[in-house]
Amino acid sequence: MSEILLHNTLTNRIEPLAPIHPGEVRIYTCGPTVYSFAHIGNFRTFIFQDVLRRFFRLRGLRVLQVMNITDVDDRIINNATAAGVPIREYTEKYIKAFLEDIDALHIEMPEELVRATDHIDDMVVLIEKLQAKGLTYQSDGSIYFRIAKFPSYGKLSKIDVSGMQAGARVDVDQYEKDDARDFALWKSPKPGEHFWETPIGRGRPGWHIECSAMAMKYLGDTIDIHTGGVDLAFPHHENEIAQSESATGKPFVRLWLHAEHLIINGQKMSKSLGNFYTLRDLFAKGSKPSTIRFLLLSVPYRRQLNFTEDGLVQAKNSVERLRNFVTRLKDEQFAAGSNPDIQKRIDKAEADFDAGLADDVNTARALAAIFDLVRDINASMDRREFLQQDAPRAVAAMEKFDSVLALLADDDDEKLRGLGIAAAKQQLQPAQIEALIEERNASRRRRDFKRSDEIRQQLSDSGILVEDTKDGSVRWKYR
RNA sequence: GGCGCGGUCGCCAAGUGGUAAGGCAAAGGUCUGCAAAACCUUUAUCGGCAGUUCGAUUCUGCCCCGCGCCUCCA
């Protein structure tokens, strides 16, 4: 097996993965800020890191992934204040929604899902460490990190910050800073605002310190991989580096992986353009979870993904093809024996799939390997060259692929129902469906095809596809 | 202006210095009572110009176009 290569934003090169702890990859992922429902772009990033961790596991590596939940920031405070509830209460519903969303998309739970507000003490300790080293200063009760004390500032994003001036396009944050580039580690409370009483004063943590504190607490001073959306490289990740490396004197992260953004019909997603979608929006409009997952993972993560209606249709049909194939493998009867060529073919597909993912998570290549296999095996089944012993092997290969892709389980309907979303057209109960199919079977037996076709049409109108198989049995599924 | 990404078949998209994977869609066939599924066949010379080379879509330069970041943002 080839070594796993990943693009490192820090060096702008493709580099081999070399875990610090042999056999275990430690990953920190910037999770959602729970001031609202996560949008579809967020999930592009989360699905990327899910594919990444699943691939590591397929390779036999252990994964220790930490994802944070930012449950305190300006928007949350403002919204909670407006709603007249404590921030913890305000964020609860969005955390719950987030968990439901990732479950619907088959995104695995990280080993540690941690909330910022549960780690205030850790952040305070880290800030104190920076204070002790003389890297900070106070202003109006807030504590800032002095960028000038960290000479390599900018190394991740390659941004030359020397030209940044206060007032220009830089948020002066309504506080007095010595240098526009400096960022807040700790913010003093505005009147009426929620605050924590700590040794470094009253207030709340800055956004960047939370990730540094939690990442190092759970993963150590130097972590293997840190992921996030491209927009986070500056300033968020840059600031994480400055804080963490100043505090420990060690490299903070070995590999920085940044997922490109998703755009909608060629335009940036934004509320003002009216093209801002949450997952639930798309589900409500009829998309299946598996469709979204396929679409979001089908384009390699470092490539911008243009999200379109057309793309949804294509993704849906592609998933269908994969599922149909597995159904055929399991349902069809094959002649006894095994075909050595088939095993070779499967081995090749597995090797290609692995090589694709090992090449900086090239999901397009990995998918091509699968579709190649699907076509070849379908053809060999048609030619009767595919034998009984081959079937379980092919199924096992598909399951192996699916341990990374997670698209085959036909549980879309169940997931949607779990979210309280059911397609309006699916009004028939399973018992009614079975009854109609039984009537259709009877019609067919007496060759009353007019009646049988009527019934199929009726079911079709309710979103149910009826298929007659070669062996005479009939099966149905939601479309 | 700085930094970065991209422009490959109708759509999505991989890829290599020696004439281009895969998926979706479309058309025509095979199969089917009809469908569905599946299979077969058909459909590109890789934004433009110049250069390097025996040979470039793949390297270099310039240009055009799209997008992102540089301020909160996955």
Side-chain angles (χ1 to χ4, degrees), chain A residues 9 12 29-33 35 38-49 73-75 154 157-164 168-173 180 207 227-236 238 258-263 266-270 294-295 298-300 302-306 308-325 327-328 331-332 352 356 359 362-383 444 447-450 452-453 456-457 460 465-470 474-477 479:
Chain A
T9 308
N12 197 24
T29 302
C30 285
T33 300
Y35 68 102
H39 61 250
I40 185 68
N42 292 305
F43 290 108
R44 206 278 244 248
T45 303
F46 296 139
I47 284 180
F48 155 62
Q49 52 84 8
D73 87 326
D74 289 339
R75 290 165 296 183
S157 54
K158 320 291 187 288
I159 283 174
D160 177 8
V161 291
S162 62
M164 286 172 64
R169 298 183 66 203
V170 178
D171 178 17
V172 294
D173 219 6
W207 175 36
T227 68
V230 279
D231 55 300
L232 294 187
F234 186 89
H236 184 51
E238 202 73 73
H258 289 104
E260 252 301 342
H261 276 179
L262 174 154
I263 57 177
Q267 286 187 301
K268 183 176 178 174
M269 176 166 46
S270 77
F294 184 96
L295 179 55
S298 66
V299 178
R302 284 203 297 133
R303 192 178 171 121
Q304 231 173 228
L305 190 160
N306 191 12
T308 62
E309 197 66 38
D310 226 35
L312 285 170
V313 172
Q314 295 175 17
K316 177 174 183 290
N317 291 335
S318 299
V319 172
E320 273 304 301
R321 179 165 170 83
L322 296 175
R323 290 182 178 174
N324 285 337
F325 174 65
T327 300
R328 185 176 183 192
D331 288 2
E332 201 161 306
D352 290 348
D359 176 18
N362 190 331
T363 45
R365 262 182 74 185
L367 284 171
I370 299 174
F371 282 109
D372 276 336
L373 181 72
V374 168
R375 176 178 19 75
D376 287 351
I377 287 190
N378 268 324
S380 63
M381 287 193 283
D382 284 358
R383 280 186 260 109
R444 292 183 72 217
R447 301 191 66 78
D448 180 357
F449 296 122
K450 182 164 178 298
S452 70
D453 286 350
R456 176 155 57 198
Q457 187 57 48
S460 176
L465 180 68
V466 180
E467 293 179 343
D468 303 322
T469 63
K470 279 203 178 90
V474 178
R475 62 168 173 247
W476 63 271
K477 62 187 175 189
R479 279 193 302 173

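Every chain is numbered from 1, with letters handed out A, B, ... down the list of sequences.
- Contact annotation: A:Lys268 side-chain N/O to B:C69 OP1/OP2 distance is under 4.0 Å.
- For the pair A:Arg375 and B:G22, the criterion of a side-chain N or O lying under 4.0 Å from OP1 or OP2 is met.
- Between the side chain of A:Asp231 and the base of B:G68 there is no donor-acceptor pair of N/O atoms closer than 3.5 Å.
- B:U19 and B:U58 have their C1' atoms separated by 12 Å, with the value rounded to a whole Å.
- When both distances must be under 3.5 Å, the Watson-Crick or G-U wobble mate of B:U19 does not exist.
- Distances shown here put every side-chain N or O of A:Asn362 at or beyond 4.0 Å from the OP1 or OP2 atom of B:A14.
- B:A56 is unpaired under the criterion used here, namely a Watson-Crick or G-U wobble arrangement in which both key atom distances are under 3.5 Å.
- Side-chain contact between A:Glu320 and A:Lys477 is present, with heavy atoms from C-beta onward closer than 4.5 Å.
- When the nearest nucleotides of RNA chain B are assigned to A:Phe43 and A:Asp382 by heavy-atom distance, the more 5′-ward of the two goes with A:Asp382.
- Toward the 5′ end of RNA chain B lies the nearest nucleotide of A:Leu305, the other residue of the pair A:Leu305 and A:Ser452 mapping further downstream.
- Shown here are the salt bridge (Lys or Arg N to Asp or Glu O under 4.0 Å) partners of A:Arg44, two or more places apart in sequence or in another chain: there are none.
- Under the Watson-Crick or G-U wobble criterion, with both distances below 3.5 Å, B:C46 is left unpaired in every strand shown.
- Both distances falling under 3.5 Å, in either a Watson-Crick or a G-U wobble arrangement, place B:G10 opposite B:C24.
- For the residue pair A:Ser157/A:Glu238, the side-chain donor-acceptor check at 3.5 Å is satisfied.
- Across all strands shown, B:U30 pairs with B:A38; the Watson-Crick or G-U wobble distances both stay below 3.5 Å.
- Between the base of B:A35 and the side chain of A:Arg456 there is a donor-acceptor pair shorter than 3.5 Å.
- Separation of the P atoms belonging to B:C62 and B:C67 is 22 Å when rounded to the nearest angstrom.
- At a cut-off of 3.5 angstrom, counting only N and O atoms as typed in the model, there is a donor on one side and an acceptor on the other between the side-chain of A:His39 and the base of B:A74.
- Base pairing of B:G4: its partner is B:C67, meeting the Watson-Crick or G-U wobble criterion (both donor-acceptor distances under 3.5 Å).
- Within the 4.5 Å cutoff, the side chain of A:Arg303 has no heavy atoms near those of the A:Glu260 side chain.
- Comparing B:G18 with B:U57, their C1' atoms are spaced 12 Å from each other, to the whole Å.
- No hydrogens or angles were tested; on distance alone, nothing pairs the side chain of A:Arg321 with the base of B:G23 as donor and acceptor under 3.5 Å.
- The side chain of A:Asn306 contributes no N or O atom lying less than 4.0 Å from OP1 or OP2 of B:C67.
- Heavy atoms of A:Thr327 sit nowhere under 4.0 angstrom from any nucleic acid atom.
- For the pair A:Arg75 and B:C72, the criterion of a side-chain N or O lying under 4.0 Å from OP1 or OP2 is not met.
- Among the protein residues, A:Val313 comes within range of no part of the nucleic acid, since none of its heavy atoms lies under 4.0 Å from any strand.
- To the nearest whole angstrom, the two C1' atoms, one in B:C69 and one in B:A27, are 45 Å apart.
- Straight-line distance between the C1' atoms of B:G47 and B:C64: roughly 8 Å, to the nearest whole Å.
- Using P as the reference atom, B:G7 and B:U43 are 25 Å apart when rounded to the nearest Å.
- Judged by distance alone with a 3.5 Å cut-off, a donor-acceptor contact links the side chain of A:Gln314 to the base of B:C11.
- Panel note: side chain A:Thr327, backbone A:Arg323; a donor-acceptor pair is recorded below 3.5 Å.
- Distance noted for atom C1' between B:A44 and B:U60: 26 Å (whole Å).
- Using a distance-only test at 3.5 Å, with no hydrogens or angles considered, a donor-acceptor pair links the side chain of A:Asn362 to the main chain of A:Arg365.
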